[in-house]
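Read the numbers this way: they start at 1 and go in the same order the structure lists the ligands and their atoms. We count residues from 1, following the sequence as given.
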Amino acid sequence: MPLEIPSTQLNDGQSMPQVGLGVYKMDDDQAQVAVLAAIRAGYRHIDTAVLYHNETGVGRGVRDAIAEGLVTREDLFITTKVWNDMQSADNTRKSLQESLDRMQLEYVDLALAHWPAPQLGTYIECWQTLLEAKDRGLIRSAGVSNFFPEALDELEEATGQRPVCNQIEMHPCWSQAEQREDNARRGIVSVGWSPLGRGRQFEMSPIPELAEKYGKTPAQIVLRWHIELGNVVIPKTTNPSRMVENASIFDFALTPEETAAITALDSADGLQGGDPRTFTGV
Ligand code: NAD
C-alpha cells in the first residue's frame with residue numbers, strides 16, 4: 001500500500017504535501033527513476049529547480065508514473081525555482097516557460113524565486129512576474145526560497161501579496177526559530193531544505209536516544225521534529241527504501257520536551273549553505 005502523506009493548507013487555497021522528494025544533485029536519469037519510485041511509494045510532491053539540471057528527468061518520471069496508472073497530473077505537486085540570474089521580468093517569464101517545456105507540463109504547482117540575491121536587485125520583479133504567471137495559469141502557487149524578513153516586507157509592499165511558502169535551510173543545527181516565526185506570522189509555510197542536515201547530525205544526542213525509544217531511525221526522528229514544528233520537508237534520496245523511511249513519520253509523535261531538546265542543538269555555526277543576505281550564486 002502506498003503511504004498516505006498529509007498536506008498543509010497554503011494561504012492561496014492550494015495545499016502542499018508535508019513530505020516531498022528533493023532531487024538536488026540527481027542527473028536526468030536518476031531523477032526519472034527516483035520520481036517514479038517516490039510516486040510508487042506514495043509521494044506526490046517533488047522539489048526541483050532550474051539549477052539542478054534535471055527537470056527533463058523529473059518530467060519523464062512524472063509521465064512514467066501517469067502511464068503506469070499510479071496518479072493523474074492533478075494528484076501531483078511539482079515545484080521548480082527561478083535561478084538568481086534570471087529574475088528580471090523577461091527572464092523570469094523565459095525561465096518558467098523553459099521549465100515547463102523541459103518537464104513537458106502545462107503548469108507547475110509552485111514556482112519559487114530561488115534566492116533573493118539582494119545585490120542583483122531583481123527579486124521584486126521576479127515576484128511580480130510569478131504572480132503574473134499564476135494569473136496566466138502557468139503556476140498554481142507562487143513562493144520564495146531563502147528570503148529574510150525585510151525582503152518579504154518588500155514583496156508585500158510592492159504587490160500586496162504574500163508568498164505561500166519560504167523554503168529555507170533548516171535542520172536541528174540550524175533550526176531557524178526567528179525566520180520560522182516570521183513566516184508563520186505572515187501565514188507563510190516554512191519548507192525545510194537540507195531537512196536532514198545532509199545526515200551530519202544523526203549521532204547528536206538526543207536523536208539516537210529518541211530513535212531507540214520510538215523504534216525509528218535517526219532520519220525519521222529529525223523529519224518528525226520538523227513536522228512537530230509545522231514545517232514541510234523535502235529530503236533527498238535516490239534509495240527507494242529510504243524514500244519510504246523518510247515518509248513513514250506520521251504514526252508517532254515527539255513530546256514538546258523532546259521537540260525542544262532537538263531544537264536546542266541549534267548552533268551559531270550550523271549554517272551549511274549560503275547566507276541569504278549576501279549569497280548570489282552567480
Ligand atoms: P538532505 O538534508 O535532504 O540530505 C540528503 C542526504 O541525506 C543525502 O546524502 C541522502 O543520501 C541522505 N539521506 C536521505 N535519507 C536518508 C535516510 N533515511 N537515512 C540516512 N541518510 C539519508 O539535503 P539536501 O539534498 O541538501 O536537501 C534536500 C532538498 O532540498 C534538495 O534535494 C533540494 O530539492 C532542496 N534544496 C533547496 C535549496 C534552496 O536553496 N532552496 C538548497 C539546497 C537543497
So Glu209 and Ser205, side-chain hydrogen bond (donor to acceptor under 3.5 Å, both in side chains) or not? Walk me through it.
-> CA-CA 7 Å; Glu209 293 84 352; Ser205 183; 3.1 Å; yes
With salt bridge (charged side-chain N to carboxylate O under 4.0 Å, His left out) as the test, would you mind laying out the steps for Arg40 and Glu68 before giving the verdict?
-> CA-CA 10 Å; Arg40 279 190 187 138; Glu68 239 182 63; 2.6 Å; yes
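Atom CG of Asn166 is separated from atom CH2 of Trp193 by 12.0 Å, given to the nearest 0.5 angstrom.
With no hydrogens or angles considered, no side-chain donor-acceptor pair links Ser88 and Asp90 at under 3.5 Å. For Tyr214 and Gln220, the side-chain atoms include no donor-acceptor pair closer than 3.5 Å.
Cation-pi contact between Arg73 and Tyr107: present, with separation from the ring centre below 6.0 Å and deviation from the ring axis of at most 45°.
Closer than 4.0 angstrom to ligand 1 lie heavy atoms from Gly22, Val23, Tyr24, Asp47, Tyr52, Lys81, His114, Trp115, Ser145, Asn146, Gln167, Trp193, Ser194, Pro195, Leu196, Gly197, Arg198, Phe202, Ala219, Ile234, Pro235, Lys236, Thr237, Arg242, Glu245, Asn246.
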